[in-house]
Amino acid sequence: MAAASPTTSAENATKRRLIDSHGRVIHDLRVSVTDRCNYKCIYCRTGEYGAQYPELAIEEYLRLIRLFVDLGIEKVRLTGGEPLLRNGLIELIQELASLRTTSGQALDIALTTNGHLLDKMAAPLKGAGLNRVTVSMDAVDAPTFERITRVPGSFNKVLNGIRVAKAAGLTPLKVNCVLLRGFNDNEIEGFARFAREEDVVVRFIEFMPLEEDRLWSPEIVVPLKEIVARISREMPLVPLAPREPSETARRYTFSDGKGEIGIIAPVSQAFCGACSRVRLTSDGKIRTCLFSQVEHDLYGRMRAGQSDAELSAYIVRTINEKEARHHIGEPGFLKPSRSMVHIGG
Ligand code: SAM
């Protein structure tokens with residue numbers, strides 16, 4: 001494929017977009033605001049480590065995010081660790097809500113959370129300008145859920161958080177479930193019913209080799225085809241057309257049109273060719289892929305006194321080097337140095 005050069009505002013004022021060397025438009029920034037978490041999900045964390053990386057001050061995140069937005073980012077997803085643990089989150093969202101994208105639209109602001117603190121925080125988050133939340137929930141059966149999170153009482157907290165967030169208008173509310181064979185793959189049909197009963201979009205995510213421990217194997221991944229086949233036996237699924245080329249989830253509704261589920265299949269049906277994402281870790285490193293072997297120290301440059309123009313040029317150069325794809329399951333695959341909780345999922 002011919003290499004497209006990155007486009008900046010300086011080069012072309014009418015079309016400020018970040019384009020990598022594979023021709024992909026990068027418009028989606030994920031920002032980890034902490035790598036601390038109040039859950040110890042068995043497939044994510046060993047439970048032995050706490051936070052491992054520093055956190056930037058809120059005004060430092062803001063300065064860096066503004067640079068990304070001025071270069072063409074249209075959507076920011078705040079994540080972690082658990083983002084609701086982060087002091088100053090509401091103020092950060094308030095400031096982000098005043099930003100405009102290069103096409104003059106309001107910045108789209110979303111957040112991924114385990115939902116534990118959502119019942120208290122949903123209304124302030126909405127009031128600050130947050131558009132939507134995605135809640136991670138790996139079982140609809142309370143004992144299974146709490147075996148996974150290793151936090152007693154967490155199921156009712158999260159369920160209540162989901163309901164309160166919906167009532168606060170943080171919709172459409174998505175519920176993400178990572179499926180692991182032998183842990184929670186018996187929850188698939190229950191989740192399909194949950195999507196309909198609770199009026200939430202349930203998305204099943206294939207397990208990726210990004211855990212702190214060494215749990216991942218190809219056999220533990222529950223692939224897209226199996227999920228579709230299992231739900232269809234009970235409730236026939238109807239595929240929905242993608243809304244945009246970089247959409248990661250294959251979406252389905254049910255034959256009566258009530259409810260939606262999606263399947264994100266980075267392992268069995270990788271979507272790297274349409275990837276629109278870049279990540280900023282809690283300590284200000286750019287990661288151009290979840291599976292990057294290198295990190296790009298944006299914060300280090302900022303602390304060294306570089307100007308906005310210098311930092312922007314660095315972002316453009318970094319994104320130009322974005323990897324073509326991941327190599328999960330291939331011989332010689334290397335896990336990245338950080339696990340999901342420390343990158344920002
Ligand atoms: N604490 C927040 C939460 O629970 O949503 C945000 C951070 S968490 C790391 C983000 C998402 O990554 C969660 O939905 C979690 O299930 C998912 N995740 C963690 N490890 C994963 C893995 N190895 N493969 C796929 N998804 C993973």
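The residues of the chain are indexed from 1 along the displayed sequence. Order of appearance sets the numbers: ligands from 1, and atoms from 1 within every ligand. If you're wondering where the values come from, they're calculated on a predicted model, not measured in any experiment.
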For this session: Step through the shown structure and confirm whether more than 12 heavy atoms of other residues, nucleotides or ligands are within 6.0 Å of NZ on Lys40.
Result: no
Problem set entry | Lys225, NZ atom: more than 12 neighbouring heavy atoms under 6.0 Å | no
Exercise. Under 3.5 Å, is there a donor-acceptor pair between the His22 and Glu323 side chains?
Worked result: no
Seminar exercise, completed: Check: of Pro209, Ser339, Ser136, Gly344, min heavy-atom distance to atom 11 (C) of ligand 1 comes from Ser136
Exercise. What residue and atom, counting heavy atoms only, is the protein's closest point to atom 6 (C) of ligand 1, and at what distance?
Worked result: Gly81 O, 3.2 Å
For this session: Heavy-atom contacts with Thr113 under 4.0 Å: which atoms of ligand 1 show up? List them by number with element.
Result: 2 (C), 3 (C), 4 (O), 5 (O)
For this session: Would you please say whether a donor-acceptor pair under 3.5 Å links the side chains of Arg77 and Thr112?
Result: yes
Exercise. Which residue and non-hydrogen atom of the protein lie closest to atom 10 (C) of ligand 1, and at what distance in Å?
Worked result: Gly345 CA, 3.7 Å
Seminar exercise, completed: atom 27 (C) of ligand 1 sits nearest the protein heavy atom Met340 CE, 3.7 Å
Problem set entry | Quiz item: cation-pi between Arg45 and Tyr39, 6.0 Å / 45° | no
Problem set entry | atom 16 (O) of ligand 1: nearest protein contact (heavy atom, Å) | Tyr43 OH, 2.5 Å
Exercise. Counting heavy atoms not belonging to Asn87, are there more than 12 under 6.0 Å from its CG?
Worked result: no
Exercise. Atom CD of Gln52 and atom CG of Asp35: how far apart are they, to the nearest 0.5 Å?
Worked result: 6.5 Å
For this session: Give a yes or no on whether the backbone of Gly344 and the side-chain of Arg287 come within a donor-acceptor separation of less than 3.5 Å.
Result: no
For this session: Considering the heavy atoms of Val178, write down every atom of ligand 1 situated less than 4.0 Å from one of them.
Result: 16 (O), 26 (N), 27 (C)
Exercise. In terms of atom number and element, which parts of ligand 1 are under 4.0 angstrom from non-hydrogen atoms of Phe207?
Worked result: 22 (C), 23 (N), 24 (N)
Exercise. Of all the atoms in ligand 1, which lie at a distance below 4.0 Å from a heavy atom belonging to Thr79?
Worked result: 6 (C), 7 (C)
Exercise. What are the atoms of ligand 1, with element, lying closer than 4.0 Å to any heavy atom of Glu206?
Worked result: 25 (C)
Exercise. Please state which protein non-hydrogen atom is closest to atom 24 (N) of ligand 1 and give its distance, to 0.1 Å?
Worked result: Met208 N, 3.0 Å
Problem set entry | Residue and atom name of the nearest protein heavy atom (relative to atom 8 (S) of ligand 1), distance in Å to one decimal | Gly80 O, 4.4 Å
Exercise. For Glu82, is at least one N or O under 3.5 Å away from an N or O on ligand 1?
Worked result: yes
For this session: May I ask you to decide if Leu84's main-chain N or O and Glu82's side chain share a donor-acceptor pair within less than 3.5 Å?
Result: yes
